[in-house]
J.: 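Structure below; questions to follow.
We name chains A, B, ... by the order of the sequence lines, and we start the count at 1 in each one.
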Amino acid sequence: MQYTRKCGELASEDNDSTQSLCGWLQDVRNLGGIAFLTLRDRTGLAQITLLKKKVGEDNFKDWTNISRESVICVEGTVKSNKEAPGGVEILPDSLTLINEAKTPLPLGVIDKIDSEIETRLNARYMDLRKPEISAHFKVRAAISGAVHKQLRLEGFLEIQTPKIIASATEGGTGLFPVQYFDKEAYLTQSPQLYKQMAMGGGLEKVYEIGPAFRAEEHNTPRHLNEFTSIDIEQSFSDDNEVMGVMERVVAAAAEAVSADIESLNDLQTPPIDVELPLPRITYDEAVDMAKGLVEWGEDLSMEATRAISEKMDGFYFITKWPLQLKPFYIQQDDSDPKYSKGFDFMYKEVEMTSGGQRVHDVAILEERLRNQDLNPEDFEHYLSPFRYGMPPHAGWGLGLDRLAMIFSGASNVRECVLWPRDRTRMTP
RNA sequence: GCUCGAGUGGUGUAGCCUGGCCUAUCAUGAAGCCCUGUCGAGGCUUCGACCCGGGUUCAAAUCCCGGCUCGGGCGCCA
């Protein structure tokens, strides 16, 4: 390492010792005979104090003329001083310009003027230098880490499934075609079918955190065309049990985020308490809450979920959806064939995901496919594992990006994705 | 796919409805100078912009048409 201390770690205990620091030159305040430079790295800020008499005229001039956001390293004596921010500063013997920043900057890191998100995403490398921006990714990493930990604790096996798939006959629309040598292939929308095949393979409890692609031309603060999906599938299980997994995963994520007080402070957002069990309302109850905005049998519009969220604060499940609204692989409810064992997981008005117990009887699957005007023969790769001993199973998929958005208090999912892919953006 | 809105220096904006005093506002920034305790440092000087193309008009940042780019709402989202 080229440094002996991180900027945020410099402490009065280091008084009189020689230390070196590396980072970005955030600011220069030149008062004539004395100058104060602010050095920043991921851990925080440190003040470099230059005395003209001590460093000499030439060094003083050179070092105070380095452009903001250049990368520098300094070595010098640490001094406790109550007038310095944080009570310590470093008086350098040497200062090395490692990489000079061009001027003007594409956006200001510490300026009082906030840039628009478009400008910021175009210069994300600069945007990320602001602690209140990088905090989103610390929160996201805390969530991701907690999810891995919780699922492993519960005995889930991490898997990776293909992202290039051969056919668009899985039932969904909006797939991105890709050229696969001399054939047309697609980017996957979801690991759904592969998770189920893993159940056929006897892996029993699996999870994957990976990319998914949707070729939908939506333009909202919640949608991206490439997103990260947290998916689980569990054998010998039902919709209720996997809802239990979901709430424990979300609670673990909430706890991990709450522990990162520094990031929450940077984001100026409060921690979200998740108290288990999370409320569960049925689709019928949801329709009642929607104040006539939806008819029974219709999907819940944004308008409807907004009305529902007036009564349902925070996270909750909507269960017992009409079978007609759920895909062919979701199981029918035992007590009433009108309903399904599918559920949605919500945060206020935002749909986080859907999940449910799956059909494991191949005859029913074939019938359901035909009912939806799909040809079972086109699904043979998918159906085949169901003919040789498929356990009952249930699962869900949850958008990591949306979860990060909620926990970091962001109003736009793009804030929580380093280099988002939306309808118009493919670069950087 | 439907619909609404927006494009002004490096960044963020004012001005547009009600065309002319716009040689375009303010802030931030950049360049330079002064200053030994700054921490949003301060002071002085300077620099830099009306998305593109048509049209209306004596006159267009401003009104009209087209294009491009972007954003929002809805739809869609196994």
J.: Kindly assign one of parallel, tilted or perpendicular to the pair A:His148 and A:Tyr207, based on the angle between their ring planes and the thresholds 30° and 60°.
T.: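 Answer is perpendicular, since the angle exceeds 60°.
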
J.: Please report the distance separating the C1' of B:A61 from the corresponding atom of B:C22, rounded so that it comes out in whole Å.
T.: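 After rounding to an integer number of Å, I get 9 Å for this pair.
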
J.: On the six-membered ring of A:Phe156, is A:Lys205 placed so that its NZ or CZ lies under 6.0 angstrom from the centre and within 45° of the ring axis?
T.: yes

J.: Which residue in the set A:Asn30, A:Leu50, A:Val28, A:Leu31 passes side chain to side chain contact (heavy atoms under 4.5 Å, CB included) when paired with A:Phe36?
T.: A:Leu31

J.: If you look only at pairs with a residue in residues 84-133 of chain A, which of them pass as a disulfide (SG to SG under 2.5 Å), with sequence neighbours excluded?
T.: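 Pairs touching residues 84-133 of chain A that pass the test: none.
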
J.: Please identify each residue that fulfils ring pair (Phe, Tyr, Trp, His ring centres under 6.0 Å) with A:Tyr347, with sequence neighbours left out.
T.: A:Phe315

J.: So, is the end of the A:Arg368 side chain (NZ or CZ) under 6.0 Å from the ring centre of A:Phe328 and within 45° of the ring's axis?
T.: no

J.: Once salt bridge (Lys or Arg N to Asp or Glu O under 4.0 Å) is applied, what residue pairs with a partner in residues 323-344 of chain A remain, sequence neighbours excluded?
T.: A:Lys326-A:Asp344, A:Asp334-A:Lys341

J.: Please work out which residues in residues 29-55 of chain A have a non-hydrogen atom less than 4.0 Å from an atom of RNA chain B and list them by number.
T.: A:Arg29, A:Asn30, A:Leu31, A:Gly32, A:Gly33, A:Ile34, A:Phe36, A:Gln47, A:Leu51, A:Lys53

J.: What pairs meet the side chain to side chain donor-acceptor pair (under 3.5 Å) rule with one or both residues in residues 67-76 of chain A, with sequence neighbours excluded?
T.: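 Every side chain to side chain donor-acceptor pair (under 3.5 Å) pair that includes a residue of residues 67-76 of chain A, provided the two are not neighbours, is A:Arg40-A:Glu69, A:Ser67-A:Ser70, A:Arg68-A:Asp111, A:Glu69-A:Arg129.
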
J.: Under 4.0 Å, heavy atoms only, any strand: does A:Pro106 hit a base, just the sugar-phosphate, or nothing?
T.: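 Result for A:Pro106 = sugar-phosphate.
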
J.: Looking only at atom C1', what distance separates B:U69 and B:U8, rounded to whole Å?
T.: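 Rounded to whole Å, the distance is 15 Å.
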
J.: Could you tell me which nucleotide pairs with B:C39 by Watson-Crick or G-U wobble geometry, both distances under 3.5 Å, or answer none if nothing does?
T.: none

J.: Within the structure shown, what part of the strands sits under 4.0 Å from A:Arg402 by heavy-atom distance: base, sugar-phosphate, or nothing?
T.: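 Counting heavy atoms under 4.0 Å across all strands, no contact is made by A:Arg402.
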
J.: What distance, rounded to whole Å, do you find between the two C1' atoms, one in B:G29 and one in B:G10?
T.: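 So the two C1' atoms sit 7 Å from each other.
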
J.: With rounding to whole Å, what would you report as the distance between B:A31 and B:G20 at their P atoms?
T.: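 Here B:A31 and B:G20 have their P atoms 37 Å from each other.
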
J.: Mind checking who B:G48 pairs with, Watson-Crick or G-U wobble, both distances under 3.5 Å?
T.: none

J.: At a heavy-atom distance below 4.0 Å, what parts of residues 411-428 of chain A sit against RNA chain B?
T.: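 A:Asn412, A:Arg414, A:Asp422, A:Thr424, in order of number.
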
J.: Do the ring centers of A:Phe213 and A:Phe176 come within less than 6.0 Å of each other?
T.: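 No; A:Phe176 has its ring centre 6.0 Å or more from that of A:Phe213.
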
J.: Any strand is fair game: report the nucleotide pairing with B:C63 by Watson-Crick or G-U wobble, both distances under 3.5 Å, or none.
T.: B:G55

J.: Looking at A:Thr220, does any N or O in its side chain come under 4.0 Å of the phosphate oxygens OP1/OP2 on B:C74?
T.: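 Answer no for this pair, as no side-chain N or O of A:Thr220 is under 4.0 Å from OP1 or OP2.
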
J.: Which ones in residues 281-290 of chain A lie close to RNA chain B, meaning a heavy atom under 4.0 Å from one of its atoms?
T.: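 Nothing qualifies; none.
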
J.: So what does A:Gln196 touch, heavy atoms closer than 4.0 Å: a base, only the sugar-phosphate, or nothing?
T.: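 Contact class for A:Gln196: none.
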
J.: Any disulfide (SG to SG under 2.5 Å) involving residues 58-109 of chain A? Give me the pairs, sequence neighbours left out, ordered by first then second residue.
T.: A:Cys22-A:Cys73

J.: Under 4.0 angstrom, heavy atoms only, what part of the nucleic acid is A:Ser67 near: base, sugar-phosphate, or nothing?
T.: nothing

J.: List in chain and number order the residues that pass side-chain hydrogen bond (donor to acceptor under 3.5 Å, both in side chains) with A:Tyr382, two or more places apart in sequence or in another chain; answer none if no residue qualifies.
T.: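 For A:Tyr382, the residues satisfying side-chain hydrogen bond (donor to acceptor under 3.5 Å, both in side chains) (neighbours in sequence not counted) are A:Gln196.
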
J.: Under 4.0 Å between a side-chain N/O of A:Arg306 and OP1 or OP2 of B:C74, yes or no?
T.: yes

J.: With A:Phe345 as reference, evaluate A:Phe317, A:Trp396, A:Tyr316 under the ring pair (Phe, Tyr, Trp, His ring centres under 6.0 Å) test and give the passing residue.
T.: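 Testing A:Phe345 for a ring pair (Phe, Tyr, Trp, His ring centres under 6.0 Å) against A:Phe317, A:Trp396, A:Tyr316 leaves exactly one candidate, A:Phe317.
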
J.: Applying a 3.5 Å limit to both distances, which nucleotide forms a Watson-Crick or G-U wobble pair with B:C76?
T.: none

J.: Do any of residues 108-117 of chain A sit with a heavy atom less than 4.0 Å from RNA chain B, and if so which?
T.: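 Contacting residues: A:Asp111, A:Lys112, A:Ile113, A:Asp114, A:Ser115, A:Glu116.
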
J.: Show me the protein contacts with nucleotides 43-46 of chain B, counting only N or O atoms at under 3.5 Å.
T.:
none

J.: Might you confirm whether atom CD of A:Gln324 has over 12 heavy atoms from other residues, nucleotides or ligands at distances under 6.0 Å?
T.: yes

J.: Within the structure shown, what part of the strands sits under 4.0 Å from A:Arg222 by heavy-atom distance: base, sugar-phosphate, or nothing?
T.: sugar-phosphate

J.: When we call it a touch if two heavy atoms are under 4.0 Å apart, what does A:Glu303 touch: a base, just sugar-phosphate, or nothing?
T.: nothing

J.: Under a 3.5 Å cut-off for both contacts, is B:U28 paired Watson-Crick or G-U wobble with anything, and if yes, with which nucleotide?
T.: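 Pairing partner, where one exists within any strand: B:G10.
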
J.: Remember a base hit wins even if backbone is also touched, and classify A:Glu83 as base, sugar-phosphate or nothing at under 4.0 Å, heavy atoms.
T.: base

J.: Check side chain to side chain contact (heavy atoms under 4.5 Å, CB included) between A:Arg306 and all other residues, then give those that pass, not counting sequence neighbours.
T.: A:Met302, A:Glu349

J.: I want to check one thing: is the phosphate of B:U11, taken as OP1 and OP2, less than 4.0 Å away from some side-chain N or O of A:Arg120?
T.: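 No, outside the criterion.
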
J.: So, for A:Trp419 and A:Phe137, is the gap between ring centers shorter than 6.0 Å?
T.: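 Ring centres of A:Phe137 and A:Trp419 not closer than 6.0 Å.
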
